[in-house]
A.B. asks: 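The structure under discussion is supplied below as structure tokens; questions concerning it will follow.
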Amino acid sequence: NNLPKVENITAKWIWGENSKTKKVTLRTFIELKKEPEFASMVATCDNAFSLRVNGHFLSSSREWTRPVYHEVSDFFKSGKNLIEVEAEMFGGSSGFIAQFSFGKGKSSMILKTDQSWEVQKGKKWIPAKVVYAYGQGPWKQILNNAIPSKPGNNPFDGPSVRAALV
């Protein structure tokens, strides 16, 4: 697994309008000129999330202290791509953070969680709320500790996470 060390995180922690909302659905779109040869994603959520790209399950986690870090180029296509996140908090602080990187070197492109993401409110979508900048809040620089793994259910989760988040 040739993922570089996680650094230069500019993503922000996001959630719905009300930080006490237990479950939120977040989404964003990214337009890619061609299918990426390389793409990475690092993400975590206080407390749990399940993430899909173009309708395909990519990853989930129920343990914010163990961020997921994957090579994800197979999930993205040329043209418009949809990223959807079901996020849930069990009490206390709420926040979801993710940073995607497409390509390498000068031509690389970053997609990160910020207010450009949308959160579902009833039948409509409104801008997500930025809860904290990276490095702030109770989570410090947790993404820097990410250990690369393959997409799919987080090995720390056990089999029940999908059912619990649906």
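Since the model is a prediction, treat every value here as computed from it, not as a measurement.
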A.B. asks: Could you tell me if the side chain of Leu51 sits less than 4.5 Å from the side chain of Glu84, heavy atoms only?
C.D. replies: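 No, their side chains stay 4.5 Å or more apart.
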
A.B. asks: Would you say Leu58 and Ile110 are hydrophobically clustered, going by side-chain heavy atoms of ILVMFWY under 4.5 Å?
C.D. replies: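 In one cluster with Leu58: Ile110, no.
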
A.B. asks: Can you tell whether the side chains of Lys121 and Glu17 come within less than 4.0 Å, N to carboxylate O?
C.D. replies: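 Salt bridge: yes.
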
A.B. asks: If hydrophobic clusters are built from ILVMFWY residues whose side chains come within less than 4.5 Å, do Met109 and Val53 share one?
C.D. replies: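 Yes; tracing contacts between hydrophobic side chains, which count when under 4.5 Å, links both residues.
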
A.B. asks: Between atom NZ of Lys129 and atom OG of Ser19, what is the distance when rounded to the nearest 0.5 Å?
C.D. replies: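 OG of Ser19 is found 6.0 Å from NZ of Lys129.
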
A.B. asks: Given side chains that start at C-beta, do those of Leu3 and Phe38 come closer than 4.5 Å, heavy atoms only?
C.D. replies: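 Of all side-chain heavy-atom pairs linking Phe38 with Leu3, at least one is under 4.5 Å.
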
A.B. asks: Do you know which two heavy atoms are closest between Val42 and Ala146, and how far apart they sit?
C.D. replies: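 Nearest heavy atoms, Val42 then Ala146: CG2-CB, 3.7 Å.
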
A.B. asks: Within the structure provided, determine whether Thr44 and Trp13 are in side-chain contact (heavy-atom separation under 4.5 Å).
C.D. replies: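 In short, these two side chains touch, coming nearer than 4.5 Å.
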
A.B. asks: Let me confirm one number: the CH2-CG distance from Trp15 to Leu26, rounded to the nearest 0.5 Å.
C.D. replies: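 The CH2 atom of Trp15 sits 7.0 Å away from the CG atom of Leu26.
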
A.B. asks: Is there a side chain to side chain contact (heavy atoms under 4.5 Å, CB included) between Met41 and Val68? Walk through the geometry before answering.
C.D. replies: CA-CA 8 Å; Met41 174 194 86; Val68 299; 3.6 Å; yes

A.B. asks: Could you check if a side-chain atom of Arg27 sits within less than 4.5 angstrom of a side-chain atom of Leu82, using non-hydrogen atoms only?
C.D. replies: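 When only atoms from C-beta onward are counted, Leu82 and Arg27 do touch, with a gap below 4.5 Å.
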
A.B. asks: Between Trp125 and Phe29, is there shared hydrophobic-cluster membership here, with clusters defined by ILVMFWY side-chain heavy atoms closer than 4.5 Å?
C.D. replies: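 Unlinked, Trp125 and Phe29 end up in two clusters.
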
A.B. asks: Tell me, do Thr10 and Gln99 make a side-chain contact under 4.5 Å, heavy atoms counted?
C.D. replies: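 With C-beta onward as the side chain, the pair touches.
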
A.B. asks: Measuring from atom OG of Ser50 to atom CZ of Arg52, what distance do you get when rounded to the nearest 0.5 angstrom?
C.D. replies: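 These two atoms lie 6.5 Å from each other.
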
A.B. asks: Give a yes or no on this: more than 12 heavy atoms of other residues, nucleotides or ligands lie within 6.0 Å of atom CD of Glu31.
C.D. replies: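 Yes, CD of Glu31 has more than 12 neighbouring heavy atoms, counting only those of other groups under 6.0 Å.
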
A.B. asks: For a quick check under 3.5 Å, do Asn144 and Tyr134 share a side-chain donor-acceptor pair by atom type?
C.D. replies: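 Side chains of Asn144 and Tyr134: pair found under 3.5 Å.
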
A.B. asks: Should Glu86 and Thr25 be marked as a side chain to side chain donor-acceptor pair (under 3.5 Å) after you check the CA-CA gap, both sets of side-chain angles, and the distance that decides it?
C.D. replies: CA-CA 5 Å; Glu86 299 288 331; Thr25 302; 3.1 Å; yes

A.B. asks: Would you tell me whether Ser59 and His70 have side-chain atoms, one donor and one acceptor, within less than 3.5 Å of each other?
C.D. replies: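 On atom types as modelled, these side chains qualify, holding a pair under 3.5 Å.
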
A.B. asks: Who pairs with Ser93 by side chain to side chain contact (heavy atoms under 4.5 Å, CB included), at least two apart in sequence or on another chain?
C.D. replies: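 Only Asp46, Pro138, Trp139 meet the side chain to side chain contact (heavy atoms under 4.5 Å, CB included) criterion with Ser93.
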
A.B. asks: I need the Glu35 CD to Ser78 OG distance, nearest 0.5 Å.
C.D. replies: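 If I round to the nearest 0.5 Å, the distance is 7.5 Å.
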
A.B. asks: Above 12 or not: heavy atoms from other molecules or residues under 6.0 Å from NZ of Lys77?
C.D. replies: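 Yes, enclosed.
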
A.B. asks: Between Glu88 (side chain) and Asn47 (backbone), is there a donor-acceptor pair under 3.5 Å?
C.D. replies: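 Side chain of Glu88 to backbone of Asn47: no pair is present.
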
A.B. asks: Kindly indicate whether the side chain of Pro151, heavy atoms from C-beta on, has any atom under 4.5 Å from the side chain of Phe75.
C.D. replies: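 In short, these two side chains touch, coming nearer than 4.5 Å.
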
A.B. asks: Could you tell me if the side chain of Ile30 sits less than 4.5 Å from the side chain of Phe76, heavy atoms only?
C.D. replies: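 They are in side-chain contact.
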
A.B. asks: Taking the side chain as every heavy atom from C-beta outward, state whether Ser108 and Phe102 have any atom pair closer than 4.5 Å.
C.D. replies: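 They are not in side-chain contact.
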
A.B. asks: CD1 of Ile142 to CH2 of Trp64: how many Å apart, nearest 0.5 Å?
C.D. replies: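 It is 5.0 Å, given to the nearest 0.5 Å.
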
A.B. asks: If I take atom NZ from residue Lys12 and atom CD from residue Gln115, how far apart are they, to the nearest 0.5 angstrom?
C.D. replies: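 Reported to 0.5 Å precision, the distance equals 6.5 Å.
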
A.B. asks: What pairs with Thr113 under side chain to side chain contact (heavy atoms under 4.5 Å, CB included), at least two apart in sequence or on another chain?
C.D. replies: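 For Thr113, the residues satisfying side chain to side chain contact (heavy atoms under 4.5 Å, CB included) (neighbours in sequence not counted) are Ala11, Ile14, Phe96, Ile97, Ala98, Trp117.
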
A.B. asks: Any side-chain donor-acceptor pair under 3.5 Å between Glu63 and Thr65?
C.D. replies: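 Yes, a side-chain donor-acceptor pair sits under 3.5 Å.
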
A.B. asks: Just do the side chain to side chain contact (heavy atoms under 4.5 Å, CB included) check on Ser40 and Phe100 with the steps written out, would you?
C.D. replies: CA-CA 5 Å; Ser40 68; Phe100 294 80; over 6 Å; no

